[in-house]
There are 2 protein chains.
Amino acid sequence: MSDKVVELSKIKVACKDCSLFQLCLPMGLESDDLEKLDVIIKRRRPVKRGEDLFRVGDGFRSIYAVRSGSIKTFSPTQDGQEQVTGFHLTGELLGLDAISNNYHPCTATALETTSVCEIPFERLEELGHQIPSLQRQLFRVMSREIFTEENHTLLLGKRNAEERLAAFLLSVSNRFKSRGFSPNEYNLSMSRNDIGNYLGLAVETVSRMFTRFQESGLLTVERKHVVIHDLDRLHDMAGSSRSSGNTRSSG
Amino acid sequence: MSDKVVELSKIKVACKDCSLFQLCLPMGLESDDLEKLDVIIKRRRPVKRGEDLFRVGDGFRSIYAVRSGSIKTFSPTQDGQEQVTGFHLTGELLGLDAISNNYHPCTATALETTSVCEIPFERLEELGHQIPSLQRQLFRVMSREIFTEENHTLLLGKRNAEERLAAFLLSVSNRFKSRGFSPNEYNLSMSRNDIGNYLGLAVETVSRMFTRFQESGLLTVERKHVVIHDLDRLHDMAGSSRSSGNTRSSG
DNA sequence: CGATGCTTTGACGAACTTCAACGCGGGTGG
DNA sequence: CCACCCGCGTTGAAGTTCGTCAAAGCATCG
């Protein structure tokens with residue numbers, strides 16, 4: 001069960017050997033329970049930039065964990081627009097919003113070449129009956145997702161453009177940090193358009209804010225590449241965010 | 001276990017005799033499983049208008065189902081403001097956002113005299129291991145909550161004042177309808193202030209929109225009382241809302 | 001009956017969107 | 001290898017929506 005081998009097209013890394021172990025679903029599981037989970041997980045070939053992991057209306061079968069790369073989820077609105085509902089970075093789950101309807105309410109598109117673990121939900125549910133700690137972790141993950149959505153709501157409800165972009169950059173920063181990457185320097189895989197859409201702002205406003213942030217010495221930005229010079233100030237500007245983290249998990 | 005009696009201060013109605021049976025947690029449960037759930041549920045004395053069911057930071061022990069009345073949940077923001085994160089009507093659950101953090105990230109205040117069922121989460125979790133259909137229902141409820149939050153996000157991200165208020169009124173309408181009340185006529189238990197806060201609008205803007213809606217013949221409003229004359233048009237105005245319902249459940 | 005809190009209304013200004021144009025960079029084809 | 005093209009990002013100007021400020025109307029309650 002655990003002698004997974006690295007192949008060319010199907011990279012098989014057992015949960016126990018995965019660097020995301022502490023962030024992902026198996027967090028807190030005992031070794032033998034971990035293997036049970038490991039067995040039901042499907043490792044798929046990487047999704048290329050622009051390809052979809054699933055589409056709006058697709059039947060719900062699995063939830064997904066991002067192993068590397070990043071994914072955006074978005075829903076169509078009645079007037080034919082799209083609304084970006086979330087960005088999912090390494091170690092984050094998506095698809096949880098499909099459980100109740102039994103189909104995916106959003107489309108998931110890779111922002112760059114991305115590997116995911118596919119976790120068939122029925123089997124996960126069965127496993128949950130056997131492994132209480134997995135059950136609990138699953139509840140925790142879903143609850144955190146609700147909490148995260150509330151935070152996003154909070155952001156869009158009361159905050160101006162400056163605060164929104166600051167909060168967004170801070171959120172990305174925190175998420176990279178908790179995965180062992182630099183919180184001060186990273187590449188944004190999503191376009192300005194996606195960011196604006198997600199934050200409820202026009203692209204132009206996002207661009208202007210980036211310029212303003214840079215002029216004030218808060219950060220340096222060049223296309224996708226962001227270097228944050230003053231995380232404390234960014235934090236102050238973000239203001240609104242509720243006490244706890246901004247960790248995303250589903251979409 | 002099922003011979004609950006109506007008392008004066010503690011109204012005891014077994015799940016199987018509750019009119020919300022089809023909307024609430026026990027949906028789809030077999031008779032004997034229902035009784036198991038029934039046993040762990042605590043019926044508390046009603047919460048009066050303005051009283052809190054729980055407060056921000058309170059330790060998480062239970063989730064709650066609204067039996068009658070309504071509750072608003074709100075979180076403090078860093079600058080001392082409040083952000084209303086949800087309204088919870090009859091048959092809806094709240095407290096699900098506390099599972100991951102182990103404390104409540106929001107305060108829940110009664111908007112009118114409100115009865116709730118308190119469901120100790122640890123015991124519910126245990127019961128979930130025994131009763132797969134309860135487990136599944138719990139996942140479904142949590143997933144629906146994520147979906148609902150996404151919808152709220154969508155609303156705040158892209159929609160103007162008119163669309164927001166229309167979507168809000170439509171959501172309330174749908175929720176009353178699914179509980180067997182009139183979708184065309186209802187009383188709003190929350191203040192204009194709460195509505196504005198929830199929708200990310202100034203109170204004055206909400207008021208102006210109500211006036212505009214009334215002048216256009218869409219509805220009649222007098223303080224809390226709302227009569228909707230043209231649900232179809234309201235639906236068109238709300239526009240943005242994603243395909244499925246607006247059913248809330250947690251906060 | 002006055003006090004208080006909620007709601008409405010009007011005037012004004014600020015923030016953000018929209019429209020338009022331009023710059024830049026990466027990819028493609030000659 | 002260079003030139004061109006196209007998408008993305010930036011910048012400027014004008015327009016609109018909504019928030020803020022101020023004041024008055026109106027119900028509820030002591």
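No experiment lies behind these values; they were computed from the predicted model shown. Values reported hereafter were calculated over all heavy atoms of this structure, with side chains retained and with hydrogens, waters and symmetry mates removed. Numbered from 1 within each chain, the chains take letters A, B, ... in sequence-line order.
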Visitor: Relative to the 5' end of DNA chain C, which residue comes earlier, A/Glu162 or B/Ser191, by the nucleotide with the nearest heavy atom?
Guide: B/Ser191
Visitor: Using a strict threshold of under 4.0 Å (side-chain N to carboxylate O), is an ion pair present between B/Arg144 and B/Glu92?
Guide: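 Salt bridge: no.
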Visitor: Is there a side-chain contact between B/Phe147 and A/Asn101 in this structure, where contact means two heavy atoms from C-beta onward sitting under 4.5 Å apart?
Guide: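 Yes, side chains in contact.
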Visitor: Heavy atoms from C-beta onward define the side chain here; which of C/dT7, D/dG12, D/dA22 lies closest to that of A/Glu204?
Guide: D/dG12
Visitor: So what does B/Gly196 hit on the nucleic acid, given a heavy-atom distance under 4.0 Å: a base, only sugar-phosphate, or nothing?
Guide: nothing
Visitor: Please report the distance, rounded to the nearest Å, between CG in B/Asn197 and P in D/dG19.
Guide: 12 Å
Visitor: Tell me: CG of A/Leu188 to P of D/dC8, nearest whole Å?
Guide: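 Rounded to the whole Å, the gap is 16 Å.
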Visitor: What do you reckon, are the aromatic ring centroids of B/Tyr198 and B/Phe87 less than 6.0 Å apart?
Guide: yes
Visitor: Heavy atoms from C-beta onward define the side chain here; which of C/dC16, C/dT18, C/dA11 lies closest to that of A/Ala161?
Guide: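 Between C/dC16, C/dT18, C/dA11, the one nearest the side chain of A/Ala161 would be C/dC16.
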Visitor: Expressed in angstrom and rounded to an integer, what is the separation of A/Leu111 atom CG from D/dC8 atom P?
Guide: 12 Å
Visitor: Measure the distance from CZ on B/Phe210 to C1' on C/dC6 and round it to the nearest whole Å.
Guide: 13 Å
Visitor: If you go through the side-chain atoms of B/Arg212, does one of them form a donor-acceptor pair with the base of D/dT17 closer than 3.5 Å?
Guide: no
Visitor: Over all strands shown, is B/Lys224 touching base, sugar-phosphate only, or nothing at heavy-atom distances under 4.0 angstrom?
Guide: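 Sugar-phosphate contact only - B/Lys224 comes under 4.0 Å of backbone atoms but never of a base.
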Visitor: Using a 4.5 Å cut-off on heavy atoms from C-beta on, say whether the side chain of B/Phe213 contacts that of B/Leu165.
Guide: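 Yes - at least one pair of side-chain heavy atoms lies under 4.5 Å apart.
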Visitor: Please state how far atom CE in A/Met190 lies from atom P in D/dG9, giving the value in whole angstrom units.
Guide: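 Rounding to the nearest Å, CE of A/Met190 and P of D/dG9 are 11 Å apart.
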Visitor: Has the side chain of B/Glu222 got a donor or acceptor that lies under 3.5 Å from a partner of the other kind on the base of D/dC26?
Guide: no
Visitor: Would you kindly give the CD-to-C1' distance between B/Gln214 and C/dT7, to the nearest whole Å?
Guide: 13 Å
Visitor: Measure from the side chain of A/Leu201, starting at C-beta and using heavy atoms only, and say which of C/dC16, C/dT18, C/dT8 lies closest.
Guide: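 Ranking C/dC16, C/dT18, C/dT8 by closest atom to the A/Leu201 side chain puts C/dC16 first.
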Visitor: Under 4.0 Å, counting only non-hydrogen atoms across every strand here, what does A/Ser207 touch: a base, just sugar-phosphate, or nothing?
Guide: base
Visitor: When you compare the side chain of B/Arg44 with that of B/Ser115, does any pair of heavy atoms fall below 4.5 Å?
Guide: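 A side-chain contact under 4.5 Å is absent here.
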Visitor: Where the side chain of B/Arg223 is concerned, which of C/dT7, D/dT10, D/dA13 is the nearest nucleotide?
Guide: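 Selected nucleotide (nearest to the side chain): C/dT7.
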Visitor: Does A/Thr205 reach a base, just sugar-phosphate, or nothing at all? Heavy atoms under 4.0 Å.
Guide: base
Visitor: Can you check the B/Leu165 CG to D/dG19 P distance for me, whole Å?
Guide: 12 Å
Visitor: For the pair made of CG in A/Asp194 and P in D/dG9, what is the distance, rounded to whole Å?
Guide: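 In whole Å, D/dG9 P and A/Asp194 CG are 9 Å from each other.
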Visitor: Closest approach to the side chain of B/Arg192, judged atom by atom: which nucleotide of D/dT10, C/dT7, C/dT9 is it?
Guide: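 For the B/Arg192 side chain, the nearest candidate turns out to be C/dT7.
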